[in-house]
Amino acid sequence: MLELNKSGTDRSEPGRLPAQDPGPDAAPDTRPAGASPSTGPDAAADRVPLRPYLIAGAILCALYFLYSYFQYARFGSPSWDLGIFEQEVRAYAGFDAPVVDIKGPGYLILGDHFSPIVALLAPLYWIWPSAESLLFAQAALFALGAVIVGRTTQQILGGRSGLCVTVAYGLSWGIQEAVKADFHEIAFAVPLLALVCRALLLKRYTAALLWSLPLVLVKEDLGATVAVVGFLLFVYGRRLQGALLAAFGVAAFVVTLVVLIPAASSAGRYDYWTKIDKNGEQDVSMLDSVLGVLNSSVKIEMLVFLIGITAFMALRSPLTLLIVPTLGWRLLSQDSNHWGMVWHYSAILMPVLFLALADGVRRSRGSHRPWLASYAKVAVPVAAAIAVAMTQHLPLRDLLRPETYRTDDARSQAARAALDAIPAGSRVETDITLMAHLTSDRTVYWVGGAPGTAPDIVAINLDFGWSRPIQDPVAYAEQLHPEARYRLKHRGGSFVVMERTTPEPAKIPGARGD
């Protein structure tokens with residue numbers, strides 16, 4: 001289990017984490033007699049080449065982007081999130097407020113999730129104004145995390161451990177499922193958390209503090225993670241820095257949820273509290289939520305696989321405490337999407353867990369328990385083998401299938417024909433299928449989520465998975481917008497495009513004046 005005061009000798013000063021034995025793979029001291037010491041993190045960094053990790057990172061970036069690009073090209077986006085984030089980045093790129101009409105006409109996205117760090121993608125969007133630019137940015141950020149995790153592992157463990165952990169992290173289910181889920185703001189948290197953990201392991205405590213500060217701009221819940229970084233700094237002996245950082249993290253968490261998000265929200269509150277205190281229409285007490293944190297086999301499976309991908313060695317490191325805030329809200333949530341191994345929620349846990357693996361191995365090499373010391377010698381290749389074995393059931397396996405690269409099938413051709421029928425600059429109401437392909441140069445609404453707007457175009461995929469089949473698309477469009485009349489403009493395959501035939505309303509809800 002987590003050992004806050006155990007090293008290879010199982011002894012330490014009270015209140016401090018001990019210095020770690022560099023292990024048997026550390027380079028011998030070959031300094032001439034009388035030479036000044038050349039040890040410590042900086043010397044270790046000098047001995048570890050960067051090029052192999054940059055090459056590995058480039059390969060992983062290519063794999064991630066290849067998967068994302070062809071999923072996008074085949075109109076296979078699994079949710080509306082890619083369209084939402086493109087609308088947000090497009091607004092930042094145009095120096096506008098981050099209004100996301102997909103969430104509702106005129107909806108200010110900072111009243112939903114507090115992720116202003118996404119504005120950093122605006123320069124990339126100036127060059128490449130497409131949802132594909134966001135997919136590439138995420139692939140690069142995930143791969144950057146692999147470079148940091150792998151190289152840090154080699155610095156503290158030596159040998160080939162770094163490249164093994166790069167593979168294990170790069171193919172981990174948390175990263176692969178996040179790639180499949182399209183772009184999310186947590187992509188920024190992945191390399192940041194890797195840098196925080198790296199700094200903690202290499203005893204660069206001021207760097208750990210500084211790298212943790214931007215996390216509060218990634219997502220509202222990460223202030224709690226910053227507070228845990230402060231706790232670790234306190235335990236490591238940096239008491240003032242740790243206490244101040246923990247206080248900052250708690251303050252950022254509270255202020256964001258109680259002040260900033262409600263101020264930006266039209267409802268004046270943080271809507272996601274209902275994920276904890278409501279199950280459908282039924283109220284759930286906080287006590288019941290706490291008692292139910294392990295009331296599902298899906299939750300238990302997720303926890304086992306989180307630690308299992310590190311060959312369970314992450315349990316030997318206090319770094320594992322950094323996953324507690326994220327796991328906490330997920331296990332308390334009544335939304336089953338938060339519990340399992342799909343979607344993007346586990347991606348930010350991967351750099352923490354794999355650097356905790358490296359730390360756990362380092363701590364175990366000199367253990368007085370022979371079985372643990374012996375296991376520590378093979379834990380890294382075991383973790384790499386687990387990652388490779390699991391990949392046969394994970395998204396990147398699709399890159400080995402020829403159909404992944406086929407974008408000229410009948411469905412894709414019909415979708416592109418529907419896109420061609422939608423004029424640039426128009427206001428479009430649509431479902432997930434076409435959404436992310438329209439957001440770069442149209443105003444896009446979620447189907448059924450823009451009453452009173454009378455959009456220029458209503459475009460739907462009849463095979464989207466509606467609760468009831470749509471027999472008459474034109475009648476459906478007019479049911480959504482009784483203030484307007486529509487006619488069929490294009491139909492091909494399962495895709496239908498209707499255009500408004502009546503004048504545009506004088507007042508459009510949520511519309512911004514130029």
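Numbers here are sequence positions counted from 1.
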Novice: So which atom in Pro78 and which in Ala181 form the shortest heavy-atom distance, rounded to 0.1 Å?
Specialist: CG-CA, 3.9 Å
Novice: Scan Val149, Asp359, Leu355 and name whichever one has a side chain to side chain contact (heavy atoms under 4.5 Å, CB included) with Cys197.
Specialist: Leu355
Novice: Could you walk me through whether Asp431 and Thr433 pass the side-chain hydrogen bond (donor to acceptor under 3.5 Å, both in side chains) test, one step at a time?
Specialist: CA-CA 6 Å; Asp431 57 67; Thr433 315; 2.9 Å; yes
Novice: Please step through side chain to side chain contact (heavy atoms under 4.5 Å, CB included) for the pair Val48 and Tyr53, ending with a clear verdict.
Specialist: CA-CA 10 Å; Val48 177; Tyr53 294 97; 4.1 Å; yes
Novice: How many angstroms lie between atom CG of Leu193 and atom OG1 of Thr225, to the nearest 0.5 angstrom?
Specialist: 6.5 Å
Novice: Contact between Thr153 and Phe354 at the side-chain level, heavy atoms closer than 4.5 Å - yes or no?
Specialist: no
Novice: When you compare the side chain of Leu394 with that of Glu177, does any pair of heavy atoms fall below 4.5 Å?
Specialist: yes
Novice: Is the closest side-chain heavy-atom distance between Phe248 and Leu213 below 4.5 Å?
Specialist: yes
Novice: Using atom types as modelled and distance alone, determine if a side-chain donor or acceptor of Ser374 lies under 3.5 Å from a backbone N or O of Trp371.
Specialist: no
Novice: Is any side-chain heavy atom of Ile148 closer than 4.5 Å to a side-chain heavy atom of Leu144?
Specialist: yes
Novice: Using every non-hydrogen atom in the two residues, find where Phe75 and Ser412 come nearest and quote the distance to one decimal.
Specialist: CE1-O, 3.8 Å
Novice: Indicate yes or no: does Asp398 engage Arg401 in a salt bridge with an N to O separation below 4.0 Å.
Specialist: yes
Novice: So, Tyr375 side chain and Ala311 main chain: donor-acceptor pair closer than 3.5 Å or not?
Specialist: yes
Novice: Is the distance from the ring center of His338 to that of Trp329 below 6.0 Å?
Specialist: yes
Novice: Do you know the tightest heavy-atom contact between Thr404 and Arg74?
Specialist: O-NH1, 2.9 Å
Novice: Taking all non-hydrogen atoms of both residues into account, name the closest pair between Ala347 and Ile175 and its distance.
Specialist: O-CD1, 4.1 Å
Novice: If you measure from CG on Asp221 to OG1 on Thr256, what distance do you get to the nearest 0.5 Å?
Specialist: 10.0 Å
Novice: For the residue pair Lys299 and Arg330, establish whether any side-chain heavy-atom pair is separated by less than 4.5 Å.
Specialist: no
Novice: Hey, could you give me the CE/CZ distance between Met313 and Arg363, rounded to the nearest 0.5 Å?
Specialist: 10.5 Å
Novice: Take Arg362 and Ser317, measure what side-chain hydrogen bond (donor to acceptor under 3.5 Å, both in side chains) needs, and give me the verdict at the end.
Specialist: CA-CA 9 Å; Arg362 178 174 64 175; Ser317 172; over 6 Å; no
Novice: Examine distances only and state if a side-chain atom of Arg365 and a backbone atom of Leu157 form a donor-acceptor pair shorter than 3.5 Å.
Specialist: yes
Novice: Nearest 0.5 Å please: distance from the OG atom of Ser212 over to the CG atom of Leu192.
Specialist: 9.0 Å
Novice: May I ask you to decide if the ring planes of Tyr405 and Phe70 are parallel, tilted or perpendicular, using 30° and 60° as cut-offs?
Specialist: perpendicular
Novice: Are the side chain of Ser133 and the backbone of Ser130 linked by a donor-acceptor contact shorter than 3.5 Å?
Specialist: yes
Novice: Is a side-chain donor or acceptor of Glu185 paired with a backbone partner of Lys219 at a separation under 3.5 angstrom?
Specialist: no
Novice: Would you check, one step at a time, whether the test side-chain hydrogen bond (donor to acceptor under 3.5 Å, both in side chains) holds for Gln176 with Arg397?
Specialist: CA-CA 10 Å; Gln176 291 200 46; Arg397 184 191 178 186; over 6 Å; no
Novice: Could you go through the side chain to side chain contact (heavy atoms under 4.5 Å, CB included) check for Val190 and Tyr169 one step at a time?
Specialist: CA-CA 11 Å; Val190 170; Tyr169 163 90; 3.0 Å; yes
Novice: So, the side chain of Ser333 versus the backbone of Ile276: is there a donor-acceptor pair under 3.5 Å, distance only?
Specialist: no
Novice: Angle class for the His113/Tyr272 ring planes (parallel below 30°, perpendicular above 60°, tilted otherwise)?
Specialist: parallel
Novice: Quick one: closest heavy-atom pair of Leu141 and Ala187, and the distance?
Specialist: CB-O, 3.5 Å
Novice: Please say whether more than 12 non-hydrogen atoms of neighbouring residues, nucleotides or ligands are located less than 6.0 Å from CH2 in Trp446.
Specialist: yes
Novice: Using modelled atom types and a 3.5 Å cut-off, is there a donor and acceptor pairing between side-chain atoms of Gln87 and backbone atoms of Val444?
Specialist: yes
Novice: Any luck finding a side-chain donor-acceptor pair between Ser68 and Gln138 under 3.5 Å?
Specialist: no
Novice: Could you walk me through whether Lys103 and Asp112 pass salt bridge (Lys or Arg N to Asp or Glu O under 4.0 Å), step by step?
Specialist: CA-CA 9 Å; Lys103 292 283 291 185; Asp112 184 55; 3.6 Å; yes
Novice: Without swapping roles, check the side chain of Arg90 against the backbone of Thr439 for a donor-acceptor pair under 3.5 Å.
Specialist: yes
Novice: Compare all side-chain heavy atoms of Met390 with those of Met341 and state whether any distance is below 4.5 angstrom.
Specialist: yes
Novice: Would Arg239 count as a cation-pi partner of Phe234, with NZ or CZ less than 6.0 Å from the six-membered ring centre and within 45° of the ring normal?
Specialist: yes
Novice: Donor-acceptor pair, Thr391 side chain versus Ala387 backbone, under 3.5 Å?
Specialist: yes
Novice: Can you check whether Ser79 reaches Asp182 side chain to side chain, under 4.5 Å on heavy atoms?
Specialist: no
Novice: Would you please test Leu357 and Ile309 for side chain to side chain contact (heavy atoms under 4.5 Å, CB included) and show each step?
Specialist: CA-CA 9 Å; Leu357 157 67; Ile309 57 174; over 6 Å; no
Novice: Whether the side chain of Glu220 engages the backbone of Phe114 through a donor-acceptor N/O pair (distance < 3.5 Å, no angle test) should be reported.
Specialist: yes
Novice: If you take the centroid of each ring, where Trp contributes its six-membered ring, are Tyr72 and His437 closer together than 6.0 Å?
Specialist: yes
Novice: Mind checking whether Leu245 and Leu233 have side chains closer than 4.5 Å, heavy atoms only?
Specialist: yes
Novice: Could you tell me the separation between the CZ atom of Phe464 and the CG atom of Leu434, rounded to the nearest 0.5 Å?
Specialist: 10.5 Å
Novice: Nearest 0.5 angstrom please: Leu60 CG to Leu171 CG, how far?
Specialist: 6.5 Å
Novice: Kindly give the heavy-atom pair with the smallest separation between Val228 and Leu322, and that separation in Å.
Specialist: CG1-CD2, 3.7 Å
Novice: Apply side chain to side chain contact (heavy atoms under 4.5 Å, CB included) to residues Leu331 and Trp339 and explain how you reach the verdict.
Specialist: CA-CA 6 Å; Leu331 295 176; Trp339 303 345; 5.6 Å; no
Novice: Just wondering, more than 12 heavy atoms not from Phe136 lying within 6.0 Å of its CZ?
Specialist: no
Novice: When the aromatic ring centroids of His184 and Tyr345 are compared, is their separation below 6.0 Å?
Specialist: no
